[in-house]
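All figures in this text were calculated on a predicted structure; none of them were measured in a lab. Note that the numbering runs from 1 along the sequence shown for the chain. Counting starts at 1 for both ligands and their atoms, in listed order.
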Amino acid sequence: MTTIGTYIATRLVQIGIKNHFVVPGDYNLVLLDKLQENPKLQEVNCSNELNCSFAAEGYARANGIAAVVVTFSVGAFSAFDGIGSAYGENLPVILISGSPNTNDEGDHHLLHHTIGTHRFDYQYEMAQRITCAAVQLKHAEDAPRLIDHAIRECLAKKKPCYIEVPTNMSSAFCAPPGPIEAVLCPLKTNPKALEAAVNASVKFIEGRLKPTLLAGPKLKCAGAEKSFLRLVEALGCAVAVLPAAKSLFPEDHPQYCGVYWGQVSTKKADAIMEWSDLTICAGCVFTDYSTTGWTSLQPASHRFEAGFDDIKFPGHYFDQIALSDFLNALADRISTNDKSLIEYNRLRPTPPIIEAASPTAPITRKEMVRQIHKLITSETTLFAETGDSWFNGIQMDLPKGAKFEIEMQWGHIGWSIPACIGYAVGAPERRIITMVGDGSFQMTAQEVSLMVRLKKPIIIFLINNFGYTIEVEIHDGPYNNIKNWNYAAFVEAFNADDGYAKGFQVHTGAELADAIKKAKSNVDGPTLIEVQINRDDCTNELISWGHFVALANGRPPHKST
Ligand code: TPP
């Protein structure tokens, strides 16, 4: 007999989930038992619900879909943070929350883990604002329809969904799951809309002299990386990526011209993008951060935008078109125009040769980056946390196959630690390297414990510059100073009964090289290498970017007329 709990378990397995991330609580315990009955589903236990939601977010980055199970209010409110991230970052994460017994509201009871009122709908109402579909399972006969609806939307829109399961509902009987194909309904391109869009686009693009291409982060959720590559090769022009799209286009490709990020671009991408008279943006998201405080947003007349499911350029708008279908169709029809690539090849900077620093000199950020860079292979996924780690990571050239993860839309410090362990569960074959600042690490540090528990050989570079340096560059004050920790000793505390966490603190290039060697041989657990650098030793790019973002933040209110 199918219960609501086993129904959910079957659906999770059918859509490709092997692990669900949980923190138990009395409102979800029966549900957790029901999920455990499915042998194809393995539970992963996190230390708190904030971390749990980020671990699921990271798992979705690796696996394409994830689920997180929490208890009512005290758990779900913390998990909302990672769900906000999943929404912003276009990651399908299913948030499942236990909730009060269905009889309690009618019985006019006050309950624990609530805000102390007689209505318990507030969590569902909050969830509606940060998910693409939110459902409450109050009647067993409705449950299959509601569960399928939430999951279908989540998969199609690549956004999180919410399923609320009252504590007395998990073991209630319901109809068995129907064919999964009815839930897997990817966006269908309307052929008429596609034809009209491609005809108008070809005419528009061929009317410009020197187009360029720009890849954005939504290429990934749209599954359009290959079709983008086809368009790149058909058009033959210069190609840049937005910072959050790093690694979605191969960096060894002859048409690649770097990360376009205004004045903090790499490889002079800004020179060629701003020289061009049309930027064809595929899956791009322009925010104050990705445009360096709005300084690098091309004028609308120079922008052609192919989005997740729509196309817009001056005087035109089309929707119901999947991005990959559009890029493929355009690649079939567009004429080659390599003017921007020819120009870029004149500007292309020769890669700088970074000399090794003296092994005994106090370590600098530059030397640290040089050594981390050498570790990156085609099997590496590099996580770059909010802070100067963004800039350190963005500047590293990646070999073919290497992947880069960044959370630039949501920008929650501390994301990288739980997200990278979630990612490691979803992609056990990848070698994970995480660069994180001291301030960020302090937010979610206890999730290193899960790396120890699961024996994941993640290498964490903890860049200790003794404070919130990115904030120092945007707007300084005493609040940017934090308490220093003994980070190496901290992670080794997780070895209490067993475990292989290793921690090192390094002050010179030689010490770093030695710690990296030891990290590589620690295959049964995480290694944290704390690199102590000077408080002001940050990238020039952080300083410039911080300046422009601060200017954008500081614009005075519009005067009323
Ligand atoms: N709270 C959350 C949850 N997220 C944020 N992004 C912030 C506050 C604001 N914030 C952005 S970066 C930052 C803070 C507090 C400091 C990061 O410091 P650290 O991790 O040490 O990196 P560094 O800037 O030193 O490289």
Nearest-contact summary for atom 7 (C) of ligand 1 - protein heavy atom, Å: I413 CG1, 4.2 Å

Q123 and S97: side chain donor to acceptor below 3.5 Å: yes

For atom 24 (O) of ligand 1, the protein heavy atom that lies nearest, with its residue and separation: I470 N, 2.7 Å

Any side-chain donor near an acceptor of the partner, R535 and N481, under 3.5 Å: yes

Atom 19 (P) of ligand 1: nearest protein contact (heavy atom, Å): G439 N, 3.6 Å

G467 near ligand 1 by a heavy-atom separation under 4.0 Å: yes

Side-chain donor-acceptor pair present, T539, D388, cut-off under 3.5 Å: yes

Closest protein heavy atom (residue, atom, distance) for atom 20 (O) of ligand 1: S440 OG, 2.5 Å

Side chains of N28 and V165 in contact at under 4.5 Å (non-hydrogen atoms): no

Closest protein heavy atom (residue, atom, distance) for atom 1 (N) of ligand 1: M443 CE, 3.8 Å

Selected option - heavy-atom contact closest to atom 17 (C) of ligand 1, from Y479, Y468, W390: Y468

E251 bridged to K246 by N-O distance under 4.0 Å: yes

Which residue and heavy atom of the protein sit nearest atom 5 (C) of ligand 1, plus the separation: G411 O, 3.7 Å

E89 and Q409: side chain donor to acceptor below 3.5 Å: no

Residues E407, R61: salt bridge by 4.0 Å N-O rule: no

Nearest neighbour in protein (non-hydrogen) for atom 26 (O) of ligand 1: D388 N, 2.8 Å

Top protein contact for atom 11 (C) of ligand 1, by heavy-atom distance: E471 OE2, 3.5 Å

Residue G437 vicinity, atoms of ligand 1 by number, heavy atom under 4.0 Å: 19 (P), 20 (O), 21 (O), 22 (O)

Side-chain H-bond candidate by donor/acceptor type, T266 with Q395, under 3.5 Å: no

Polar side chain donor-acceptor pair, Y479 to E471, under 3.5 angstrom: no

N465 neighbourhood, listing ligand 1 atoms whose heavy-atom distance to it stays under 4.0 Å: 23 (P), 25 (O), 26 (O)

Enumerated ligand 1 atoms positioned under 4.0 Å from heavy atoms of D438: 21 (O)

